[in-house]
Amino acid sequence: MANATLTPDARVSSGEFDLPPSAWVEAYRTMVLARAMDERCLSLQRQGRIGFYVPLEGQEAAQVGCALALDPKDWVFPAYRELGVALVRGVPIQELLDQFIGNSGDRLKGRQMPNHYGYRAQNFVVASSPLGTQIPQAVGAALAARRRGDAVVTVAFFGDGSTSTNDFHAGLNFAGVYRSPTIFFCQNNQWAISMPRSHQTMSATLAEKAEAYGFGGVVVDGTDLGQVYRAVATARARALAGDGPTLIEAQVYRFGPHSTSDDPKRYRSDAEVAEWRRRDPLLRTKEEIMKTPGWTEAQDTALWTEARSRIAEAWKAAEGTPPLPPTSFLDDVFSERTPQLEHQRRELLGLLERKVVHE
Amino acid sequence: MTELTLVQAVNRGLAEAMRQDADVLLLGEDIGTNGGVFRATEGLQKEFGAERVIDTPLSECGIVGTAIGMALYGLKPVAEIQFLDFIYPAFDQIVSELSKFRYRSGGQYPCHVVVRAPYGGGIRGGLYHSQSTEAFFCHTAGLKVVIPSTPADAKGLLLTAIHDEDPVMFLEPKRIYRSVTGEVPDGDYRIPFGKARIAREGTDLTLVAYGAMMVPTLAAAERLAEDGLSAEVIDLRTLVPLDEAALLASVEKTGRLVIVHEAARTAGFGAEIAALVAEKALYSLKAPILRVTGYDTPFPYALEHLYLPSEERILDAARQVGRTG
């Protein structure tokens, strides 16, 4: 199995930057909601009711821990697996399910595959499929925030595979040169579709790459909510103090497939998955919470019931929401329609009217 | 009014925009201390400081990616790519990201970056300092593509680009950076996108060109007049959005069309113009549409004078269609 041993870098300062005890239950509730979404959406995809899905199972503590350490003003530059972050940021599950269908309630107007979402109100920048492209963008937004005098950091989310991209290099290099207030949050989930972490790079850790760009990198156990929170809170404080960017490598494991389009049994062993499942972030977080006086198994069950019923209700509403108007895909190419796009819109309306094509 | 070269007009346009709006900033390679390899940004770092005229590491992907992030946050970055030939490391950022932010977010994230790049041949720049690959960007939905051909247009279109709300590829004809001069209005003025310039009125045939190709095209029109052929010359100014109305009106009037561009012929922008005229003005045509273009080869070094459309080649094509019908 991939090496998940932690380097001494993981021992970030504690105390000041600890997740407050009162926040653990809420964090756990969000993790449960994220996993219940996975459960439901994988099933919906198999039934053909949504076209595609990217599960996050195994990465909940890393995402929730990271997002909780941020301020609502901070800007998130996600990849397409950041459901846990979106939930912490307050994106309603209704918005997400509408996006997964691409109905008229979808704020993105049906433009993207499921999971490729973004919500301005939550400073959650819209994701894309190409890997690593969000990394230099996060640096640019951080420099813009600094220029405006805003106490804002930006966080680029990406995985182990993206550390091989041009954009990773360009982004971290620019961040180092300009000391941008950026956190590079790498969820090393050990597999880039079928490519294991051990073959992605010969670097001993991904975090150590930061050193070459002139700033610090830390490895954290991404199944440990408290440890992730502490690392991100520390990096955020450093960024705002003008001490520059940080690369955080959160070591996690993707329990499920890369997406609903692949079968992980083709490239990894059940034994490896079973070994990592012993460190399931939900179990680890639950163990912590069970230490809370008065917390019972019944409360845990109630959290799951609540999550599943919220999702069921939102799904029902999403399915009942009408489809998008047929010409809506011709909007938002530019701030205003060009004469060419206006002509093409009229062409489509004519085809619809003559029933050559159908809504 | 001031008499300026085209590259000086670009410089004045940038300076004007930066004076008006503190959100406008420039980033690129060698643009600060060095003032740009073509001196387009000469003196700007001195006036506006290193925080607004930012010398970057050598990474086109980093330049455009960073500019996108700045634009998302609300600044108005103008990124310089030293030569259009070197833009490909940024191609993913331009084609997958910049052009699609507004669309893919359902309008939540407009992303207004101006990418400036000198393009085109005729400077003995060989394969990698000469290319004219505007068609790539015209083919990418969500990008506006602007190519000025005069100093006054360079400044006026650049100011429009910087104040636009959409991503703009601003391609500068480096061959005529210094060889073309003209009167340029002082201060701020905007030349709207999607409005072609009738550079010369005529009745017998239409010559359509843009950028550096306006020079041999206008010269050819002058020679045609000596032959008794009245050529109308259209400078497209912006390929996206395209001024279809001006193009069609001219062809309907003259019935003959020659398209000039230095890019390779196959799937070049001329093919789009020809198709458009075939779709919408076929019955006005008295002769086949001809294209005078670069060849379907990489850009050659020693024989670039044969590769590039010249006054003589344009004249030859114009005479062919001029005699027809």
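Of the possible donor and acceptor atoms, one in the side chain of B/Asp166 sits under 3.5 Å from a partner among the backbone N and O of A/Ser335. With A/Arg148 contributing its side chain and B/Gly74 its backbone, the two residues share a donor-acceptor pair below 3.5 Å. Proximity of a side-chain donor or acceptor of B/Arg102 to a complementary backbone N or O of A/Asp332 within less than 3.5 Å is not detected. No side-chain donor-acceptor contact under 3.5 Å links B/Glu244 to the backbone of A/Gln340.
With rounding to the nearest 0.5 Å, the separation of CG in B/Leu98 from OG1 in A/Thr133 is 12.0 Å. With rounding to the nearest 0.5 angstrom, the OG atom of B/Ser105 is 11.0 Å from the CZ atom of A/Arg107.
Your options are A/Pro339, A/Ser128, A/Ala170, A/Gly110, and the one with the most heavy-atom pairs under 4.5 Å with chain B is A/Ser128. When each of A/Gly171, A/Ser129, A/Ala175, A/Ala127 is scored by its heavy-atom pairs under 4.5 Å with chain B, the top score falls to A/Ala127. Interface remark: of the candidates B/Glu165, B/Arg104, B/Glu51, B/Lys144, B/Arg104 forms the most heavy-atom pairs closer than 4.5 Å to chain A.
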Go through the steps for B/Tyr103 and A/Phe334 under the test side-chain contact (heavy atoms from CB on, under 4.5 Å), then give the verdict. CA-CA 8 Å; B/Tyr103 189 76; A/Phe334 294 111; over 6 Å; no

Would B/Leu75 and A/Arg147 count as a side-chain contact (heavy atoms from CB on, under 4.5 Å) if you check the C-alpha gap in whole Å, the side-chain angles of each, and the deciding distance to 0.1 Å? CA-CA 9 Å; B/Leu75 300 185; A/Arg147 175 164 172 72; 4.0 Å; yes

Using the rule given for side-chain contact (heavy atoms from CB on, under 4.5 Å), can you reason through A/Tyr178 versus B/Thr66, listing the C-alpha separation, both sets of side-chain angles and the distance that settles it, and then say yes or no? CA-CA 11 Å; A/Tyr178 301 115; B/Thr66 304; 5.9 Å; no

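Neither the backbone nor the side chain of A/Asp106 comes within contact range of chain B; no heavy atoms are under 4.5 Å apart. Interface remark: A/Ala145 contributes backbone and side-chain atoms alike to the contact with chain B (heavy atom separation under 4.5 Å). Proximity to chain B (any heavy atom under 4.5 Å) is restricted, for A/Phe77, to the side chain, taken from C-beta onward. Neither the backbone nor the side chain of A/Ala142 comes within less than 4.5 Å of any heavy atom of chain B. Neither the backbone nor the side chain of B/Ala67 comes within contact range of chain A; no heavy atom of the residue lies under 4.5 Å from a heavy atom of that chain. For chain A, the nearby part of B/Val240 is the side chain; its heavy atoms alone come within less than 4.5 Å. Of the atoms belonging to B/Leu276, not a single heavy atom falls under 4.5 Å from chain A. The part of B/Gln93 that comes within reach of chain A is its side chain, from C-beta onward, which places non-hydrogen atoms under 4.5 angstrom from that chain. The contact between A/Val177 and chain B is made entirely by side chain atoms (from C-beta outward), counting heavy-atom distances below 4.5 Å. Residue A/Val125 touches chain B through both its backbone and its side chain, counting heavy-atom pairs closer than 4.5 Å. Of the atoms belonging to B/Lys100, not a single heavy atom falls under 4.5 Å from chain A.
Residue B/Glu47 qualifies as enclosed at atom CD: its count of foreign heavy atoms under 6.0 Å is above 12. By the 6.0 Å contact criterion, OH on B/Tyr128 is open, its count of non-hydrogen atoms from other residues, nucleotides or ligands being 12 or less. Within a 6.0 Å sphere centred on CD of A/Glu319, heavy atoms belonging to other residues, nucleotides or ligands number more than 12. Atom CZ of A/Arg89 sits in a crowded spot, with more than 12 heavy atoms from other residues, nucleotides or ligands closer than 6.0 Å.
The interface of residues 14-27 of chain B with chain A, defined by heavy-atom distances below 4.5 Å, comprises B/Ala22, B/Asp23, B/Leu25.
Among all heavy-atom pairs drawn from B/Tyr109 and A/Val126, the shortest one is CE1-N, 3.8 Å. Annotation for A/Asn173 and B/Pro57: closest pair ND2-CB, 3.6 Å, computed over non-hydrogen atoms.
Aromatic ring pairs are classed by plane angle as parallel below 30°, tilted from 30° to 60° and perpendicular above 60°; the pair B/Tyr73 and A/Trp75 is tilted.
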